[in-house]
There are 2 protein chains.
Amino acid sequence: MSETAERLKRNNIRPSYARIRIMEYLMEHPVHPTVEDIYQNLVKEIPTLSKTTVYNTLDLFVRHNLARVVTIEENETRYDADTTNHGHFKCETCGSVYDFTINDDGLETKGIGDFAVTEKHVYFKGICKKCLYSKE
Amino acid sequence: MSETAERLKRNNIRPSYARIRIMEYLMEHPVHPTVEDIYQNLVKEIPTLSKTTVYNTLDLFVRHNLARVVTIEENETRYDADTTNHGHFKCETCGSVYDFTINDDGLETKGIGDFAVTEKHVYFKGICKKCLYSKE
DNA sequence: GTACACATTTATAATAAATCCAAGATTGGA
DNA sequence: TCCAATCTTGGATTTATTATAAATGTGTAC
Ligand SMILES: [Mn+2]
Ligand SMILES: [Mn+2]
Ligand SMILES: [Zn+2]
Ligand SMILES: [Zn+2]
């Protein structure tokens, strides 16, 4: 049984072929793909795959903390197999989404003192190095 | 001429009635409303209002920096007349979106050293004070 | 005040993403 | 092997957003 299958099992997820391949795709393509990306690429090798399965499976992973939803642009839900705390940078020129490490120890937050925080999301927008240098 | 009309003018936006009322709605309801919220409430007093106008007007405001898009949940684009740098907290129990002040001086970011950052977004999720206390 | 060019708003249709659903296929355990 | 539970599928549906073109409103020159 594959590494990925084992991991799914350990997380109480029945390791069906679709689930294994979707998880592998997520891990092998850490570019924060959309449902559409994942579907279009996997349907080549799994012709019977349906988009609903991709939605359901990603949902399942998120509920089991094996993946995260990355919401940056409206109407562009992306997924990330890296569930550790990190930030995202979206280049408005080339559209790439980069990861960056954050240390929020120094982040002061006034106004939500007694709130229970379960998720922290940080994303920046701008122009990436590559696009900056290739300009004019 | 109203305060709001003046402000729109100063920003090179012709102060039509729809635009004035949409801006006023945004400022009087700092709860990060959606297009739907705004439309449903304003159509009561402006029966001819169309949703397209709400979309277009908000877009215009964002382009002129009089409003911001707040993207937290997928498929739930919210708008904010407060364009200063601040964070958002969404309560997963009651759905409210709170503001909080952030001081990101202390936020270390490794990995995007040479990138040009134009926008910074921070949002947390969890359970708000009110919901925490009213529980069981 | 009228005419006209231009800006704004509207109704409607087109797209596209996400969700729902019911039926069929697959699975693990008795 | 058989069955009940779980998964997957295709298609229909819903919902959000954008596009288009016609209608309406506005400011200004005459
Ligand atoms: Mn990431
Ligand atoms: Mn806000
Ligand atoms: Zn770039
Ligand atoms: Zn709450």
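Residue numbering restarts at 1 for every chain, and letters A, B, ... go by the order of the sequence lines. Atoms considered below: every heavy atom in the structure, side chains included; atoms not considered: hydrogens, waters and symmetry mates.
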Exercise. How many Å lie between OH on Y39(B) and P on dA16(D), as a whole number?
Worked result: 13 Å

Exercise. Strictly under 6.0 Å, is that where the ring centroids of F89(B) and Y123(B) end up?
Worked result: no

Problem set entry | dT9(C) OP1/OP2 closer than 4.0 Å to side-chain N/O of R19(B) | yes

Exercise. On DNA chain C, nearest-nucleotide positions of P15(B) versus E74(B): which is more 5'?
Worked result: P15(B)

Problem set entry | Length of the CD-P vector between E76(B) and dT14(D), whole Å | 21 Å

For this session: Give one of base, sugar-phosphate or nothing for T53(A), where a contact means two heavy atoms less than 4.0 Å apart.
Result: base

Exercise. Given N56(A) and T53(A), is the side-chain hydrogen bond (donor to acceptor under 3.5 Å, both in side chains) satisfied, shown in steps?
Worked result: CA-CA 5 Å; N56(A) 290 340; T53(A) 295; 5.4 Å; no

Exercise. What integer distance in Å separates N75(A):CG from dT18(D):C1'?
Worked result: 10 Å

Exercise. Across the strands shown, which category fits T34(A) at heavy-atom distances under 4.0 angstrom: base, sugar-phosphate, nothing?
Worked result: nothing

For this session: Send over the distance from I13(A) CD1 to dT26(C) P, rounded to a whole Å.
Result: 21 Å

For this session: Assess the pair F100(B) and F124(B): is the distance between their ring centroids shorter than 6.0 Å?
Result: yes

Problem set entry | Donor-acceptor pair present, T52(A) side chain and dG11(D) base, under 3.5 Å | yes

For this session: Figure out the CZ/P separation between R63(B) and dT8(C), and round it to whole Å.
Result: 10 Å

Exercise. Is it true that atom CD of E3(B) has more than 12 heavy atoms of other residues, nucleotides or ligands lying nearer than 6.0 Å?
Worked result: no

Exercise. Expressed in angstrom and rounded to an integer, what is the separation of I38(B) atom CD1 from dT17(D) atom P?
Worked result: 11 Å

Problem set entry | Closest-nucleotide 5' rank along DNA chain D - winner of T77(B) and R14(B) | T77(B)

Exercise. Under 4.0 Å between a side-chain N/O of S50(B) and OP1 or OP2 of dT9(C), yes or no?
Worked result: no

Problem set entry | d(CD, E73(B); P, dA17(C)) in whole Å | 19 Å

Exercise. Within this structure, what is the CD-to-C1' distance between E36(B) and dT14(D), rounded to whole angstrom?
Worked result: 13 Å

Problem set entry | Pair R78(B) + E74(A): basic N to acidic O under 4.0 Å | no

Problem set entry | Side-chain N,O (Y55(A)) to OP1/OP2 (dA18(C)) below 4.0 Å | yes

